[in-house]
Amino acid sequence: MSEQKPDRGCLRYGCIGCASCLLLLAGLAAGCGILAWRYSQQLPNLKPYRTERPLVTMPVTGTPVRVVLDVGSTSFRIAPAAPGQPLAVEADFDQKRFVLEEIWSGNPELARTYTLRYSRRGFLPRIVNRGNESELRLLLPRDVPLTIVGDVGVGESELELGGLNLVDVDIDFGIGDHALSFSEPLAAPMRELVLNGGIGELTVSGLGHASPEQVEIGHSLGELDVDLSGRWQRDTQVEINGGIGECHIHVPQEVGLDLGRVRVRVGEQSVPESKPVVDGRPIVHLSASSTMGELSIDHR
């Protein structure tokens, strides 16, 4: 019985079909690359933007205004407004490439939710990172109870929250360098501070000025630096989880230090002894961990 030879015509047409598909895909990729490159070469057309919004809450209830952040691809700043001034947004950005939205919801006589969104338009802007030219600034009123939640995505940020009337803060950070600070005491001690870092550098300073009852800080990849200095008004529970990289925690001598679980899976750690105080000063109950790298805690 003779063997049946393969149909060379089918093989030839199959190869031609595969080659055509590969060429088509390569052409599409090249076309997208050329469009993205042309987009990246265009100079940004920055235009100023400013709004002012009064935040109203009932003094009897003291219900906080909820500030929701959904921003990225920009240089983002938060700062306290001047005494007596309302919430304000200032920005310099290319309105053809980016979109800025302010959304209000809730009962204005009881509580309000204010959402700030800043994102790229369309598909091509997501291919090329051209957000460094834009700047976005959020000025928050000092005399209104606030909670701040949401996402600060790719880019860089400096969030100065000192002097505000904060209740809770829960923020996720994306790729980039981010700093959150309390340079002066808050109107009253916070209830909870939760921060989750992505990739890059995350710096937190002046936590004592906020005196949160509960602190949870995590970071995935990069350097994490947490400074607990400031005017502590009560005991606090602090949990810090570093990922891959360096994690540095600074505890001032003015407070007691009660160390819980401290662990580095792969790497080195430098940890002092617990030094609680007996004269009524606040105590920091601290637990810390790191996946890989260096973990250092100093009680200076």
Side-chain donor or acceptor of Arg121 paired with backbone N/O of Gln95 under 3.5 Å
yes
Cluster check Val71, Ile103: I/L/V/M/F/W/Y, side chain < 4.5 angstrom:
no
Can you pull out every ring-ring contact (aromatic ring centres under 6.0 Å, His included) where at least one residue sits in residues 208-246? Sequence neighbours excluded, please.
none
Quick check, are the ring centers of Phe93 and Tyr118 under 6.0 angstrom apart?
yes
Please tell me whether Val194 and Leu164 are part of a single hydrophobic cluster in this structure, the criterion being side-chain heavy atoms less than 4.5 Å apart.
no
Only one of Glu135, Glu156, Arg137, Glu158 passes side-chain hydrogen bond (donor to acceptor under 3.5 Å, both in side chains) with Ser75, and that residue is Glu156
Where do Pro212 and Val215 come nearest, in terms of heavy atoms and distance?
CG-CG2, 3.3 Å
Stepwise side chain to side chain contact (heavy atoms under 4.5 Å, CB included) test for Glu254 and Arg231:
CA-CA 9 Å; Glu254 291 74 20; Arg231 193 182 303 170; over 6 Å; no
Could you tell me which non-hydrogen atom of Ser289 sits nearest to which non-hydrogen atom of Asn241, and how far apart they are?
OG-OD1, 2.7 Å
Given the rule in the side chain to side chain contact (heavy atoms under 4.5 Å, CB included) test, do Leu259 and Ile297 qualify, once you have shown the distances and angles that lead to the verdict?
CA-CA 10 Å; Leu259 280 177; Ile297 302 173; 4.1 Å; yes
Tell me if a side-chain donor or acceptor on Asp151 pairs with a main-chain N or O of Gly153 at a distance below 3.5 Å.
no
So Leu136 and Phe98, side chain to side chain contact (heavy atoms under 4.5 Å, CB included) or not? Walk me through it.
CA-CA 12 Å; Leu136 176 61; Phe98 299 91; over 6 Å; no
Do Pro272 and Asp298 have side-chain heavy atoms sitting under 4.5 Å apart?
no
Does Val271 offer a backbone N or O that forms a donor-acceptor pair with the side chain of His299 under 3.5 Å?
no
From Leu146 CG over to Asn165 CG, what is the distance, rounded to the nearest 0.5 angstrom?
7.0 Å
SG/Cys247 to CD1/Ile217 distance, rounded to the nearest 0.5 angstrom?
9.0 Å
Within this structure, what is the CD1-CG distance for the pair Ile249 and Asp225, rounded to the nearest 0.5 Å?
9.5 Å
Applying ring pair (Phe, Tyr, Trp, His ring centres under 6.0 Å), can you list everything that pairs with Phe173, at least two apart in sequence or on another chain?
His178
Can a donor-acceptor pair be found between the side chains of Asp227 and His250 at a distance below 3.5 Å?
no
How long is the gap from CE on Met190 to CG on Leu161, to the nearest 0.5 Å?
8.0 Å
Under 6.0 Å from the CD atom of Glu101, do we count more than 12 heavy atoms belonging to anything else shown?
yes
4.5 Å side-chain heavy-atom contact, Leu193 and Leu195
yes
Evaluate side chain to side chain contact (heavy atoms under 4.5 Å, CB included) for Leu207 paired with Thr236, printing each intermediate quantity in order.
CA-CA 10 Å; Leu207 271 182; Thr236 181; over 6 Å; no
Distance-minimising heavy-atom pair for Ser290 and Gly245:
OG-O, 4.3 Å
Crowding at CZ, Arg234 (>12 non-hydrogen neighbours, <6.0 Å)
yes
pair Leu69-Ile78: side-chain heavy atoms closer than 4.5 Å
yes
Tell me the closest heavy-atom pair linking Tyr49 and Glu102, and the distance in Å.
OH-OE1, 2.8 Å
Applying a strict under-4.5 Å side-chain criterion to I, L, V, M, F, W and Y, I'd like to know whether Leu159 and Val167 cluster together.
no
Applying a strict under-4.5 Å side-chain criterion to I, L, V, M, F, W and Y, I'd like to know whether Leu116 and Val99 cluster together.
no
Between Ser287 and Gly260, which heavy-atom pair has the shortest distance, and what is it?
OG-CA, 4.0 Å
Arg66 CZ to Thr115 OG1 distance, which is reported to the nearest 0.5 Å
8.5 Å
Does a side-chain heavy-atom distance below 4.5 Å link Val144 with Leu87?
no
Can you tell me which residue pairs pass the side chain to side chain donor-acceptor pair (under 3.5 Å) test with a partner in residues 180-196, sequence neighbours excluded?
Glu160-Ser181, Glu160-Ser183, Asp168-Arg191, Asp172-Asn196
Restricting to non-hydrogen atoms, name the atom on Ser73 and the atom on Ser134 that form the minimum distance, rounded to 0.1 Å.
O-OG, 3.6 Å
Leu180 side, atom CG; Leu202 side, atom CG - distance, nearest 0.5 Å:
8.0 Å
According to a 4.5 Å side-chain heavy-atom criterion applied to Ile, Leu, Val, Met, Phe, Trp and Tyr, with indirect links allowed, do Val154 and Leu221 form part of one hydrophobic cluster?
yes
